[in-house]
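Note that ligands are numbered from 1 as they come in the structure, with each ligand's atoms numbered from 1 the same way. FYI, side chains are in, hydrogens and waters are out, and symmetry mates aren't considered; it's all heavy atoms of this structure.
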Amino acid sequence: MANLTRLPKAIIESYEWQYDGACTSYSVEEFFLPENARGADKLAMETAAKRVCGTCPVVKQCLEHALSAQEPYGVWGGTSPTERQRILAGRDVQAA
Ligand code: SF4
């Protein structure tokens, strides 16, 4: 079961940046890859999602949300889950 204690409080200010995301006109499946995605197909899908993130005006907010919530799935803020794990490994996540 997901640990919800890491999520920001459910106030509109915590999430309203998402309305400005460049991904709002894309399908969720383009950012949350199928579990069976592997190899070149997975890389191509992640690259396509990251390309959208590269145009996004709220990329910093998105990445910080994903890091603070320790989002385990999907492309957020131009990063894959593995990339976020590497970033968090360099941070004191208990102090966040
Ligand atoms: S950074 Fe990427 S995932 Fe986050 S809101 Fe922008 S386009 Fe969407």
Exercise for the section: Would you list the pairs meeting side chain to side chain donor-acceptor pair (under 3.5 Å) in which at least one residue belongs to residues 40-52, sequence neighbours left out? Expected result: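 Qualifying pairs, neighbours excluded: K50-E83.
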Exercise for the section: Check for a donor-acceptor pair, side chain of R84 on one end and backbone N or O of E71 on the other, with a separation under 3.5 Å. Expected result: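 Answer holds: yes.
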Exercise for the section: Return yes if some donor-acceptor pair links the side-chain N/O of E30 with the main-chain N/O of S27 below 3.5 Å, else return no. Expected result: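 Side chain of E30 to backbone of S27: a pair is present.
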Exercise for the section: Give a yes or no on whether F32 atom CZ has more than 12 heavy-atom contacts from other residues, nucleotides or ligands under 6.0 Å away. Expected result: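 Enclosed.
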Handout entry: Note, R91 side chain near L67 side chain (heavy atom, < 4.5 Å)
Key = yes
Practice task
Could you tell me how the ring of F31 sits relative to the ring of Y26: parallel (under 30°), tilted (30 to 60°) or perpendicular (over 60°)?
Solution key: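 F31 vs Y26 ring planes: perpendicular.
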Problem - Number of protein N, O or S atoms [distance to atom 4 (Fe) of ligand 1 under 2.8 Å] - result: 1
